[in-house]
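Worksheet: one structure, shown below.
As the structure lists them, so they are numbered: ligands from 1, and atoms in each ligand from 1. Residue numbers count from 1 along this sequence.
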Amino acid sequence: MNELDDPKIYAADPDDFLGVVEELPDQVRQGWRLGLGAEGIEPAEVSNVCVLGMGGSGVSGDVLRAVLGPKMRVPVAVSKGYTLPSWVSSGSLVLAVSYSGNTEETLATFDAAVKLGARIVCVTTGGALAQRAAQEGVPLIQIPGGLQPRAALGFLAMPLLAIVQRMGLCPPIDADVEDALQLLGTRSDQMHRKVPTSDNQAKQLATTLLGKLPIVYGSEGIAEVAAYRWKCQFNECAKIPSWWHSFPELNHNEIVGWDQLQPLTSESCAAVVLRHPGEHPRTSKRVQITTGLIEANVASMTPVRTEGRSDLAAFLDLVQVGDFTATYLALLQGVDPTPVDVITHLKDELAKS
Ligand code: F6R
């Protein structure tokens with residue numbers, strides 16, 4: 001029997017991180033509703049959109065950019081740092097996202113956006129961001145607390161999509177959301193802890209990746225962000241190094257780097273390639289050729305395909321497979337997927353000065 005089929009293994013997950021992963025479909029539904037119901041969001045003319053956020057919160061901006069960016073009337077970018085891009089102005093829509101509400105980079109850029117007179121909406125559980133939003137009369141979408149930010153992607157990202165739709169900056173995506181919820185529900189049941197490894201894609205992949213350094217490749221757009229998300233989940237849940245890149249860009253640099261350390265990489269690196277129906281046909285060709293070229297240089301090469309019909313469904317499906325896989329991998333290692341002690345320590349040290 002695979003260890004993941006033995007209920008004893010779940011003792012390593014005292015906060016039930018896996019339970020939160022299993023409930024992603026419901027969280028996505030709630031996040032969408034929170035965004036649709038929020039007060040103070042009116043259709044408006046804005047010249048661009050800038051999302052502020054770091055780590056598990058900032059990735060919500062990447063989701064907006066990848067899923068809706070190509071369909072939006074105005075450009076969207078994500079600011080991950082202490083300073084706003086110079087093009088942010090009073091004509092911008094600024095979406096400040098911080099799960100804790102206390103992330104100093106996000107607070108710094110929020111303050112700068114207030115000074116510029118930009119139109120702002122905050123998404124947070126509370127903290128200093130909620131206080132400043134109240135002081136400045138900025139609309140706030142308050143999301144449920146008690147989770148790790150990276151386990152709250154549905155609460156963090158879906159309100160951003162709803163805001164952009166409600167402001168008339170993209171065509172309506174209600175049908176895509178319904179489609180995504182259906183797919184997520186089906187796929188979540190298929191990867192649930194109760195489903196044995198023999199039938200469970202995420203448990204199988206975690207078993208393949210155990211003891212290896214995961215390299216996650218995705219194609220530009222939704223799979224690029226999904227690949228980054230997978231890498232971060234391997235870091236934060238399984239506490240292992242991982243790296244990611246995207247097609248077609250990796251064909252112009254990273255592919256050369258597989259040349260020299262073959263004995264090392266074929267032993268220690270395991271590749272995962274995220275595929276989706278919206279890939280550019282030339283990108284599909286590139287993936288096919290590239291996987292053939294590097295197969296002998298990695299311990300395993302696993303394609304992960306989504307059949308999601310919309311970009312939203314395809315993206316969330318890929319994310320869900322990655323979240324399950326990283327959590328199962330943590331458990332296979334006997335590692336608690338929840339805490340991120342190094343991040344907490346770093347923030348404590350910074351708070352002293
Ligand atoms: C922890 C995590 C981190 C935080 C980041 C920013 O699970 O994912 O990447 O998201 O340190 O903090 P918040 O999200 O509170 O603004």
Side-chain angles (χ1 to χ4, degrees), residues 13-21 23-24 27 31 34 50-64 78-84 94-113 120-133 138 140-160 216 225-244 319-320 322-327 329-330 335-351:
D13 183 15
D15 296 314
D16 197 22
F17 193 92
L18 181 60
V20 180
V21 171
E23 281 163 17
L24 181 69
Q27 194 189 109
L34 281 171
C50 186
V51 183
L52 319 177
M54 307 300 298
S57 293
V59 78
S60 63
D62 300 323
V63 177
L64 175 66
V78 190
S79 171
K80 298 183 180 184
Y82 288 94
T83 46
L84 280 179
V94 171
L95 304 171
V97 187
S98 169
Y99 190 76
S100 63
N102 292 321
T103 297
E104 62 179 40
E105 298 94 317
T106 312
L107 291 170
T109 44
F110 170 84
D111 290 344
I120 308 175
V121 181
C122 293
V123 178
T124 183
T125 59
L129 187 62
Q131 281 170 11
R132 292 185 201 185
V138 163
L140 169 80
I141 300 181
Q142 181 139 18
I143 56 174
L147 300 173
Q148 280 291 325
R150 66 187 189 282
L153 188 69
F155 290 135
L156 291 161
M158 294 308 290
L160 304 190
V216 192
V225 178
Y228 173 62
R229 164 77 179 186
W230 275 59
K231 167 244 180 293
C232 293
Q233 293 294 69
F234 287 135
N235 298 150
E236 293 182 73
C237 299
K239 281 79 175 165
I240 54 170
S242 172
W243 85 73
W244 73 285
V319 163
Q320 186 171 240
D323 285 8
F324 268 107
T325 302
T327 309
L329 183 56
V335 164
D336 183 349
T338 297
V340 281
D341 294 342
V342 185
I343 298 178
T344 311
H345 172 73
L346 184 84
K347 288 183 179 178
D348 290 347
E349 286 297 305
L350 281 164

Closer than 3.5 angstrom, by distance alone: can the side chain of Thr124 be matched with the main-chain N or O of Gly126 as a donor-acceptor pair?
yes
Distance from atom 15 (O) of ligand 1 to nearest protein heavy atom, with residue and atom
Ser100 OG, 2.7 Å
Under 4.0 Å from a heavy atom of Gly55: which atoms of ligand 1 are those, numbered in the order shown and with their elements?
9 (O), 10 (O)
Option passing side-chain contact (heavy atoms from CB on, under 4.5 Å) with Lys80 (candidates Val51, Asp62, Leu52, Thr106)
Asp62
Hey, is ligand 1 close enough to Gly56 that some N/O pair sits below 3.5 Å?
yes
For atom 3 (C) of ligand 1, which candidate among Glu236, Met54, Arg150, Gln233 provides the closest heavy atom?
Glu236
Any ion pair linking Asp323 and Arg229 (charged N to carboxylate O, less than 4.0 Å)?
yes
Which atoms of ligand 1 have any heavy atom of Gln148 under 4.0 Å away?
1 (C), 7 (O)
Under 4.0 Å from one or more heavy atoms of Ser98, ligand 1 contributes atoms 13 (P), 15 (O), 16 (O)
Provide the number and element of each atom of ligand 1 under 4.0 Å from a heavy atom of Ser57.
10 (O), 13 (P), 14 (O), 16 (O)
Closest heavy-atom contact between Val97 and Ser60?
CG1-OG, 3.7 Å
Pull out every atom of ligand 1 sitting under 4.0 Å from any heavy atom of Thr103, numbered as shown with elements.
6 (C), 12 (O), 13 (P), 15 (O), 16 (O)
Flag the pair Asp341 and Lys239 as a salt bridge only when some basic side-chain nitrogen lies within less than 4.0 angstrom of an acidic carboxylate oxygen.
no
What atoms of ligand 1 come closer than 4.0 angstrom to any heavy atom of Lys347?
5 (C), 6 (C), 11 (O), 12 (O)
Test log, rule side-chain hydrogen bond (donor to acceptor under 3.5 Å, both in side chains), inputs Gln148 and Tyr99
CA-CA 8 Å; Gln148 280 291 325; Tyr99 190 76; over 6 Å; no
